[in-house]
Protein chains: 2
Amino acid sequence: MIKLTAQRQAILDTINQSNQHWDAEVLARALSDAGHSIGIATIYRGLTALEDAGLIEAIHLGDKKRYERSDKSHHDHLVCRVCGAIEEFFDAHIEQRQHDVAKQYEFQMDGHQLLIFGTCKQCFNRTKQGEKA
Amino acid sequence: MIKLTAQRQAILDTINQSNQHWDAEVLARALSDAGHSIGIATIYRGLTALEDAGLIEAIHLGDKKRYERSDKSHHDHLVCRVCGAIEEFFDAHIEQRQHDVAKQYEFQMDGHQLLIFGTCKQCFNRTKQGEKA
DNA sequence: ATGCCTGCAAAAGATTTGCACGCCA
DNA sequence: TGGCGTGCAAATCTTTTGCAGGCAT
């Protein structure tokens, strides 16, 4: 159904060729740097279209929406409050229990989002060094 | 530390006397209806102050921030995509596994947010009726 | 007097929309 | 020719900030 125009292809390629979690702004800059100057509105519309088509995935993180490849298996996210890094994880127990909970509440679950906030290993170590100094 | 002015008291009372998940806009309207016309900026600043003081809790739901009472035990949320209703649940297994995951990734966890999306019982039943008709 | 709180209006950041134009079936 | 996609600018929505008082200590 979706029409993969040059702009949308560029957006999709950029996202697919990385493991990053892109927001519209950063993506626009990256595309521009790569020689594709795409209007920001087109990027927003393209991201929405690609998401609807299931070609990319979105997570709503705090104030902005981020997009990532959809050709990975399902996972959730560890978000570092210090550097903003996002690590991915998957836990079958948690997935299972979510379905159990939904069933218990007679809730037709169709998705979920689990964010674990904290400090990543790198930032934690850096901070410890800072305290020692 | 926090100064509980008349405005902040009104905000806090409104939240404490309900089980709702308030956003700034709705809260402003409710306060206005109750005879407290509080500037929107004051509401935002008050909510932030109350949250920092631990008197209320915040969840970032999609595009806006919602606040709820903090004198309840920890829980996560089931969010109905149809009517927007928010149900609460708690699952010790999920909580435990989150800590396990964090440890495994050497991640200093300091919080989390789990949202389960779908259709609540009421909306599901309503839809089924609609389909039958 | 000093500092924190308020209200208004303006600013900010993210996202959406109106509109005219262009492309391709 | 008609419909969809694009780009620009303007509009929108949520939240923050600057600034001039005000209240309480």
Side-chain angles (χ1 to χ4, degrees), chain A residues 1-15 20-68 79 81 84 86 113 115, chain B residues 1-15 20-68 79 81 84 86 113 115:
Chain A
M1 326 276 113
I2 189 183
K3 197 177 292 184
L4 268 189
T5 62
Q7 288 89 335
R8 292 179 178 177
Q9 191 66 63
I11 293 171
L12 184 56
D13 288 348
T14 302
I15 294 175
Q20 283 182 243
H21 298 75
W22 302 86
D23 64 46
E25 196 66 30
V26 172
L27 183 59
R29 202 155 33 238
L31 286 165
S32 170
D33 290 351
H36 306 273
S37 285
I38 304 180
I40 189 69
T42 301
I43 293 186
Y44 276 105
R45 283 188 278 230
L47 286 170
T48 303
L50 292 168
E51 183 191 359
D52 288 348
L55 297 174
I56 57 177
E57 293 216 335
I59 58 170
H60 219 129
L61 186 51
D63 48 345
K64 59 178 67 173
K65 214 168 172 181
R66 313 285 202 103
Y67 294 87
E68 62 178 317
V79 182
R81 291 196 205 262
I86 301 177
Q113 176 175 296
L115 299 172
Chain B
M1 326 275 110
I2 189 182
K3 196 176 290 183
L4 268 189
T5 61
Q7 286 89 335
R8 292 180 177 177
Q9 191 67 61
I11 293 172
L12 184 56
D13 287 349
T14 301
I15 294 175
Q20 282 183 244
H21 298 75
W22 301 86
D23 64 46
E25 197 66 28
V26 172
L27 184 59
R29 202 156 31 239
L31 285 165
S32 170
D33 289 351
H36 305 274
S37 285
I38 303 180
I40 190 69
T42 301
I43 292 185
Y44 276 105
R45 283 189 278 231
L47 286 170
T48 303
L50 291 168
E51 183 191 358
D52 288 348
L55 297 175
I56 57 178
E57 294 215 335
I59 58 169
H60 220 128
L61 184 50
D63 47 343
K64 58 179 66 175
K65 214 169 174 181
R66 312 284 202 103
Y67 294 87
E68 61 179 318
V79 182
R81 292 197 204 261
I86 302 176
Q113 175 177 298
L115 300 173

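Throughout, protein chains are lettered first and strands after them, A, B, ... in sequence-line order, and every chain is numbered starting at 1.
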Exercise for review: Using the side chain to side chain contact (heavy atoms under 4.5 Å, CB included) rule, pick out the option among Asp23(B), Leu50(B), Leu55(B), Ile15(B) that qualifies with Tyr67(B).
Suggested key: Ile15(B)

Point to revise | Gap between atoms CG and P, on Leu4(A) and dG5(D) respectively (whole Å) | key: 10 Å

Practice item. Could you check whether Ser37(B) gets within reach of a base, just the sugar-phosphate, or nothing at all, counting any heavy atom under 4.0 Å? Key: sugar-phosphate

Exercise for review: Answer yes or no: does a side-chain N or O of Thr5(A) lie under 4.0 Å from OP1 or OP2 of dC4(D)?
Suggested key: no

Check your understanding: Does Leu27(A) reach the side chain of Leu47(A), with side-chain heavy atoms less than 4.5 Å apart?
Key -> yes

Exercise for review: Would you mind reading off the distance between Ile11(A) atom CD1 and dT6(D) atom C1', rounded to a whole angstrom?
Suggested key: 11 Å

**Study point:** Heavy-atom side-chain proximity of Thr14(A) to His36(A) below 4.5 angstrom
**Key:** no

**Study point:** Nucleotide dT6(D), atom P - distance to NE2 of His36(A) in whole Å
**Key:** 13 Å

Point to revise | Phosphate OP1/OP2 of dC4(D) contacted by Lys3(A) side-chain N/O (<4.0 Å) | key: no

Check your understanding: Quick one: does Ile86(A)'s side chain get under 4.5 Å of Leu61(A)'s, heavy atoms only?
Key -> yes

Point to revise | Tyr44(B) side chain near dT16(D) phosphate (N/O to OP1/OP2, under 4.0 Å) | key: no

Review point. Distance from His21(B) atom NE2 to Ile59(B) atom CD1, nearest 0.5 Å?
Key: 5.0 Å

Revision key, fill the gap. When Arg45(A) and Ala24(A) are each assigned the nearest nucleotide of DNA chain C, the 5'-most assignment goes to Ala24(A)

Point to revise | Thr42(A) vs dG7(D): side-chain N/O to OP1/OP2 distance below 4.0 Å | key: yes

Review point. What nucleotide among dA9(C), dT15(D), dT6(D) has an atom nearest to a side-chain atom of Arg8(A)?
Key: dT6(D)

Review point. Can you check the Lys65(A) NZ to dT14(D) P distance for me, whole Å?
Key: 15 Å

Review point. Expressed in angstrom and rounded to an integer, what is the separation of Ile40(A) atom CD1 from dT12(D) atom P?
Key: 20 Å

Review point. What's the CD1-C1' distance between Ile43(A) and dT6(D), to the nearest Å?
Key: 12 Å

Exercise for review: Calculate the interatomic distance between Trp22(B) atom CH2 and dT14(D) atom P; express it in whole Å.
Suggested key: 16 Å

Exercise for review: Just call it for Glu25(A): base, sugar-phosphate, or nothing, with non-hydrogen atoms closer than 4.0 Å on any strand.
Suggested key: nothing

Study note, to complete from the structure: To the nearest angstrom, the CG-C1' distance between Leu61(B) and dT14(D) comes to 14 Å

